[in-house]
Amino acid sequence: MNQVPERTFMQKYHLKGIGWTIIFILLLFLSSVMTEVNWGEFFSNLGQFFALLGRMGAVP
């Protein structure tokens, strides 16, 4: 008879992935504070960013 293998608590709730995501977001936030990024200006000019990527050939 086939049995589903028992998963550990870490595997069951994907704690490694959640932990790495939290660390990534925290580092992104801290680096944006240190470099004084203006997120409002960044998102208001997001169309220009994608237009530039398109002209560089990165976006088909």
Side-chain angles (χ1 to χ4, degrees):
M1 197 178 256
N2 292 337
Q3 288 184 333
V4 176
E6 194 69 29
R7 296 189 310 173
T8 65
F9 182 80
M10 293 278 287
Q11 292 171 332
K12 191 173 184 179
Y13 296 104
H14 307 284
L15 292 182
K16 283 184 185 178
I18 292 170
W20 281 114
T21 302
I22 290 171
I23 289 171
F24 176 75
I25 291 171
L26 181 64
L27 288 175
L28 181 64
F29 173 75
L30 291 174
S31 65
S32 68
V33 168
M34 291 174 66
T35 57
E36 300 176 359
V37 171
N38 183 346
W39 287 105
E41 189 173 329
F42 175 77
F43 285 114
S44 68
N45 294 323
L46 205 53
Q48 291 178 356
F49 173 72
F50 286 118
L52 179 63
L53 280 179
R55 290 189 2 218
M56 292 187 326
V59 177

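The figures here come from the full heavy-atom set of this structure, side chains too, leaving out hydrogens, waters and symmetry mates. Quick caveat, the model's predicted, so the values are computed rather than measured. We're numbering straight along the sequence, starting at 1.
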Linked, directly or transitively: Val37 and Phe43 (ILVMFWY side chains, under 4.5 Å)
yes

Would you check, one step at a time, whether the test side chain to side chain contact (heavy atoms under 4.5 Å, CB included) holds for Asn38 with Phe42?
CA-CA 6 Å; Asn38 183 346; Phe42 175 77; over 6 Å; no

Verify same cluster id: Ile25, Ile22 (apolar side-chain graph, 4.5 Å):
no

When you group the ILVMFWY residues by side-chain heavy-atom contacts below 4.5 Å and let the links chain together, are Phe24 and Val33 in the same group?
no

Does Leu53 reach the side chain of Phe50, with side-chain heavy atoms less than 4.5 Å apart?
yes

Apart from Trp20 itself, its cluster of hydrophobic side chains linked below 4.5 Å comprises Ile23, Leu27

Applying a strict under-4.5 Å side-chain criterion to I, L, V, M, F, W and Y, I'd like to know whether Phe49 and Met56 cluster together.
yes

Interatomic distance, Asn45 atom CG to Leu52 atom CG [nearest 0.5 angstrom]
12.0 Å

Which residues end up grouped with Leu28 if you chain together Ile, Leu, Val, Met, Phe, Trp and Tyr wherever their side-chain heavy atoms are less than 4.5 Å apart?
none

